[in-house]
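Notes follow once the structure below has been shown.
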Amino acid sequence: MKQETIAIHAGNKIDQHTKAAIQPITLSTTFERGEDGDYPGGFVYSRADNPNRKALENVVAALENGAAACAFATGNAAGMSVFQALEPGSHIICPDDMYHGLRNQLKILFKGILTFDFIDLTDLELINQTINPSTKLIWAETPSNPLLKLCDIEAISTIAKTNNLVFAVDNTFASPICQQPLSLGADIVMHSTTKYLNGHSDVTGGILVTKEDNDFWQNIKNVQSYGGAVPSPFDCYLITRGIKTLPYRIRGHVSNAQKLAEFLENHSAVEAVYYPGLPSHPQHQLAKKQMIHFGGMMSFLLKDGEEKAKQVINGLKVFTQATSLGGVESLIEHRYSVEGPDTKTPKNLLRVSVGLEHIDDLIADLEGVL
Ligand SMILES: Cc1ncc(COP(=O)(O)O)c(C=O)c1O
């Protein structure tokens, strides 16, 4: 089946008692046992599993072409579960422009438990040189946040396989509609479902999808059920509902983003635009090779520095000045102020999550302040 059909049907089970066409929200934390002490409904206790979480996991596993999925209460909890599934003392290779929340998680929560190197993942030789006998995981994020840098998923997966390492990809910026890391050789895909998958900026969530149900995946499942950072049935219901329109929403995001990127690139106040769909993007050829569509995220630099950047975001009317991404509304953010002083993000950079408003209104809004 195609993605549009999977998105609508793979996360929905017609209720066999009421025949409700849309799967209801099951709030019960516990499930009745049969006479033999078995569980005829297939569920025991809601932390371990529940029908709405199962529906969400089914649809995202199907969209990512994976064997199974584990849903979490946030994207950071999903990422943390991968790190917790490693033996203490393991070494991780991560991108030098990793999402700052996960970078800080490693630096603060896993200090003394795991070791890590933040390196430029576009340099394949450097990856090979950084692998040591304790290395267990390569973590990639492509396109990256907020510089929209790409790394070569197929090439890194070859390095990971040669060295017997787990290779995980944060696919939040792309969504499964724009990029399929498991089909390109990754072992695990991670999403902050807070973003495109839910798509309406009203739920936090995260999910992991595995290519194979193996021992490492069982470690992750243990972290999910014993750690218990799981999403509520209501949150799972909302994300599953949001996913039904994901393929169509992404078409709008991608089409608007391409036009907005071209407009910005031709504007005299703009120094540079980072969008994988522009031929000027340093990795446009790689984007064409590994992405199905170029996504809805971009960032750009203002010629007149940080002050001009702040003046632009404060003058916009249609764009909301806020963090996060992937919702139907356009968001714009001065990323340096959010990430703090140890960031590599330039001070004159604005990051844009291009929404589904009419493109003419988005361009007019920016034109007015630029
Ligand atoms: C690329 C990326 N990964 C992970 C996360 C973390 O997700 P959450 O905020 O749902 O914990 C974010 C959040 O902004 C993100 O942008």
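Just the heavy atoms: all of them, side chains too, but no hydrogens, waters or symmetry mates, feed the values below.
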Assess the side chains of [X] and [Y]: does a donor N or O sit below 3.5 Å from an acceptor N or O?
X      : Y      : value
Glu265 : Ser280 : yes
Asp15  : Gln23  : no
His334 : Gln321 : no
Asp202 : Asn198 : yes
Gln218 : Asp213 : yes
Glu64  : Asn171 : yes
Thr194 : Ser192 : yes
Thr130 : Asp117 : no
Gln290 : Gln283 : no
Asn76  : Thr74  : no

Give a yes or no on whether a salt bridge exists between [X] and [Y], defined as a side-chain N under 4.0 angstrom from a carboxylate O.
X      : Y      : answer
Glu4   : Arg251 : yes
Asp96  : Lys149 : yes
Arg351 : Glu333 : yes

Neighbour count above 12 (heavy atom, 6.0 Å) for [X] [atom1]:
X      : atom1 : result
Asn132 : CG    : yes
Lys244 : NZ    : yes
Glu271 : CD    : yes

Check for a donor-acceptor pair, side chain of [X] on one end and backbone N or O of [Y] on the other, with a separation under 3.5 Å.
X      : Y      : result
Arg103 : Cys94  : no
Thr320 : Ala322 : no
Asn348 : Gly305 : no

Self-check item: Closest heavy-atom pair and its distance - Tyr274, Leu147
Solution: CB-O, 3.7 Å
Quiz item: Should Phe294 and His284 be marked as a ring-ring contact (aromatic ring centres under 6.0 Å, His included) after you check the CA-CA gap, both sets of side-chain angles, and the distance that decides it?
Solution: CA-CA 9 Å; Phe294 300 121; His284 183 58; 5.6 Å; yes
Quiz item: According to the ring pair (Phe, Tyr, Trp, His ring centres under 6.0 Å) rule, which pairs have a member within residues 52-100, sequence neighbours left out?
Solution: Phe83-Phe110, Phe83-Trp139
Quiz prompt | Pairing residues for Lys54 by the salt bridge (Lys or Arg N to Asp or Glu O under 4.0 Å) criterion, not counting sequence neighbours | solution = Asp49
Practice problem: Mind checking side-chain hydrogen bond (donor to acceptor under 3.5 Å, both in side chains) for Gln258 and listing every partner two or more places apart, or none if nothing turns up? | Solution: Glu262
Quiz prompt | The single option from Leu182, Leu197, Asn65 passing side-chain contact (heavy atoms from CB on, under 4.5 Å) against Pro176 | solution = Leu197
